[in-house]
Amino acid sequence: MSDFSNHKFGTRAIHAGAEPDPSTGAIMTPIFQTSTFTQEYPGKHKGYAYARGKNPTREALQKNIASLEKGKYCLCFSSGMGSIDAIIKMLRPGDEVITGDDLYGGSYRMFTKVFANFGITFHFIDMTNASNIESYMNTNTKLIWVETPTNPTMQIIDIAACSKIAKAHKIMLAVDNTFASPYLQNPLALGADIVMHSVTKYLGGHSDVVMGALVMDDDKIYEQLAFIHNSCGATPGPMDSFLVMRGIKTLHLRMERHCFNGRKIAEFLKNHPKIEKVYWPGFPEHPNHEIAKKQMRDFGGMISIVLKDKNVENTFKLASSFKVFSLAESLGGVESLINHPATMTHASIPKAEREKAGVVDNLLRLSVGVEDIEDLIDDLKQALG
Ligand SMILES: *Cc1c(COP(=O)(O)O)cnc(C)c1O
């Protein structure tokens, strides 16, 4: 197996984990569409016994994603939520988790509606000031769960500062790196113990697969998570693994364009008379811009806007009037999407909680795709006009 660990990002995206097939020379990793593998003698096989535990197509993808995050191990799951579920299953009743107050709606729902019933306590706090974390820390605290940039208000949480606190208390730090992708941010290098991705988004990149991934360096954390992965079984199939491998080969090219288009659109929206506020971490006046500059390579294509008009019907009308942007949940694909978080991605968060976090009814979130920038700006102009 060639080692691409010293190569640059684009080369790793294309080559890491993707060895030509030894039996045929096929340059693409085959889709090993099989549930089981024959054994010569009980227990004597070629390293694969049953596909929940190990499948060669998934293995190739896992090596690739590990390489993009510069981590030792990767485990892929059948969804992003499946991968977060595995992390929380490392905990015990009585344990506590400190996390942010502007989380992906599905994470908030799983923490409060599923794992709270198993005796795990979650503290949802303002993490933009890392010293807030200390005041929630006690001997039961086992995990700090960070999402940055946050969804949808694009706060930036200082990963290195969170890691310092986690290390001082000998607890784990896990980072949901979905919004940044490994192209913009590598949490392990900033001291995180586990990086999580909804592979569904930028890694897959083509809105055709739902998948999750965890990347880690620590042998013990890997052993525990690999055990949960195989025991609980939220593992993805080989066809999806193949599609994601193909998607990742252009991750660096797509991310460059997402960032370029994102910047142009953020600047256009900032000066638009119908817009009250634009959330994008690339603006020098963004309250966490300095941290964003320190821990990210660029600022991405995720932007949220608050309209001056507070009338929710008018917000709905606007969201439905685009011709290039599509009204849909999700993000990170090649096509531009617009989303109304209050009724779509964040509907599972109670209104009062939501509004406290700034997710008001007149907020819209854009996932800027990789189309031609002139067409995207024209579409915004006609929809806002
Ligand atoms: C989509 C998303 C998830 C959940 O991932 P799925 O693949 O949809 O299960 C978690 N975190 C963030 C930030 C997301 O955008």
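Numbers here simply count residues along the sequence, with the first being 1.
- Of the possible donor and acceptor atoms, one in the side chain of N64 sits under 3.5 Å from a partner among the backbone N and O of A16.
- F9 has its ring centre less than 6.0 Å from the ring centre of Y183.
- The local environment of NZ in K164 is sparse, with at most 12 non-hydrogen atoms from other residues, nucleotides or ligands closer than 6.0 Å.
- Aromatic ring orientation, Y108 versus F124: tilted (interplanar angle from 30° to 60°).
- D102 and T150 make their closest contact through OD2-OG1, 2.5 Å (heavy atoms, listed as atom of the first residue, atom of the second, distance).
- Put simply, the residue from T121, T141, N138 that forms a side-chain hydrogen bond (donor to acceptor under 3.5 Å, both in side chains) with E96 is N138.
- Using a 3.5 Å distance cut-off with no hydrogens or angles, the side chains of E276 and N362 do not pair a donor with an acceptor.
- Under a 3.5 Å cut-off, the side chain of E69 and the backbone N or O of V195 do not form any donor-acceptor pair.
- Residues I31 and M245 share a single hydrophobic cluster, defined by chaining ILVMFWY side chains whose heavy atoms lie under 4.5 Å apart.
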* After noting the C-alpha distance and the side-chain angles of E223 and K220, does the key distance pass the salt bridge (Lys or Arg N to Asp or Glu O under 4.0 Å) rule? -> CA-CA 5 Å; E223 268 167 39; K220 282 213 179 74; over 6 Å; no
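- Nearest heavy atom pair, residue Y73 against residue D218, reads CE1-O, 4.1 Å.
- In summary, the side chains of S326 and E335 do not present any donor paired with an acceptor at a separation below 3.5 Å, with no hydrogens or angles considered.
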* Carefully, step by step, assess L363 and K277 under the rule side-chain contact (heavy atoms from CB on, under 4.5 Å). => CA-CA 9 Å; L363 180 144; K277 192 164 185 175; over 6 Å; no
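- Residues F118 and M172 share a hydrophobic cluster, clusters being chains of Ile/Leu/Val/Met/Phe/Trp/Tyr side chains in contact below 4.5 Å.
- Considering every non-hydrogen atom in both N140 and G94, the closest pair reads CB-O, 3.5 Å.
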* Go through the steps for K63 and E19 under the test side-chain contact (heavy atoms from CB on, under 4.5 Å), then give the verdict. => CA-CA 11 Å; K63 282 183 181 148; E19 285 288 288; over 6 Å; no
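- The aromatic ring centroids of F37 and H45 lie 6.0 Å or more from each other.
- The closest donor-acceptor contact from the side chain of T200 to the backbone of V210 lies at 3.5 Å or more, if one exists at all.
- Between M81 and I84, the closest side-chain pair of non-hydrogen atoms falls below 4.5 Å.
- Within a 6.0 Å radius of CZ in R52, other residues, nucleotides and ligands contribute more than 12 heavy atoms.
- With hydrogens and angles disregarded, a donor-acceptor distance shorter than 3.5 Å links the side chain of H286 to the backbone of M154.
- Judged by distance alone, the side chain of H340 and the main-chain N or O of L327 form no donor-acceptor pair under 3.5 Å.
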* Test log, rule side-chain contact (heavy atoms from CB on, under 4.5 Å), inputs S367 and N339 -> CA-CA 8 Å; S367 170; N339 163 46; over 6 Å; no
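- Within 6.0 Å of atom OH in Y136, 12 or fewer heavy atoms from other residues, nucleotides or ligands are found, so the atom counts as exposed in its surroundings.
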* Derivation and outcome, side-chain hydrogen bond (donor to acceptor under 3.5 Å, both in side chains), residues N186 and R297 -> CA-CA 10 Å; N186 296 119; R297 293 182 193 95; 2.5 Å; yes
* To do: Evaluate the salt bridge (Lys or Arg N to Asp or Glu O under 4.0 Å) criterion for residues K294 and D158: first the C-alpha distance (whole Å), next the side-chain angles of each, then the deciding distance (0.1 Å), finally the verdict.
  => CA-CA 9 Å; K294 197 179 69 178; D158 187 339; 3.5 Å; yes
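- Both L269 and F325 sit in one connected hydrophobic cluster of ILVMFWY residues. Membership requires side-chain heavy atoms under 4.5 Å apart, directly or through other members.
- Side chain of N314 to backbone of K310: no donor-acceptor contact under 3.5 angstrom is found.
- In this structure, the ring of F283 has its center no less than 6.0 angstrom from the ring center of H289.
- Judged purely by atom type and a 3.5 angstrom limit, T178 uses its side chain to pair as donor or acceptor with the backbone of S198.
- Within the cation-pi definition used here (under 6.0 Å to the ring centroid, within 45° of the axis), K46 does not qualify as a partner of F32.
- Residues A51 and R58 share a closest heavy-atom pair of O-NH1, 3.2 Å.
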* Step-by-step salt bridge (Lys or Arg N to Asp or Glu O under 4.0 Å) determination, K356 to E353 -> CA-CA 5 Å; K356 214 168 63 189; E353 288 291 310; 3.8 Å; yes
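- More than 12 heavy atoms of other residues, nucleotides or ligands lie within 6.0 Å of NZ in K308, so this atom counts as buried by the packing criterion.
- The number of heavy-atom neighbours closer than 6.0 Å to NZ of K264, taken from other residues, nucleotides and ligands shown, is 12 or below.
- In this pair, W145 and F111 present their aromatic rings perpendicular. The plane angle is above 60°, beyond the 30 to 60° band.
- Contact detail for G262 and V368: the closest heavy-atom pair is N-CG1, 4.0 Å.
- In this structure, the side chain of S163 engages the main chain of G191 through a donor-acceptor pair within 3.5 Å.
- Screening I159, L184, N288 against Q295 for a side-chain contact (heavy atoms from CB on, under 4.5 Å) leaves a single residue, I159.
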* Asked: Taking it one step at a time, do L307 and K274 satisfy side-chain contact (heavy atoms from CB on, under 4.5 Å)?
  -> CA-CA 6 Å; L307 302 166; K274 291 202 175 156; 5.6 Å; no
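- Put simply, the side chain of S304 gets close to the backbone of P152: a donor and an acceptor are under 3.5 Å apart.
- What you find for V324 and D379 is that their closest heavy atoms are N-OD2, 2.8 Å.
- At distances below 3.5 Å, at least one donor-acceptor pair connects side-chain atoms of D95 with backbone N or O atoms of R92.
- Taking CG of L380 as the start and CD1 of I305 as the end, the distance is 7.5 Å to the nearest 0.5 Å.
- Using a 4.5 Å cut-off between side-chain heavy atoms of Ile, Leu, Val, Met, Phe, Trp and Tyr, with links allowed through other members, I221 and L75 fall into the same hydrophobic cluster.
- Here the two rings, on H258 and Y202, have centers that are under 6.0 Å apart.
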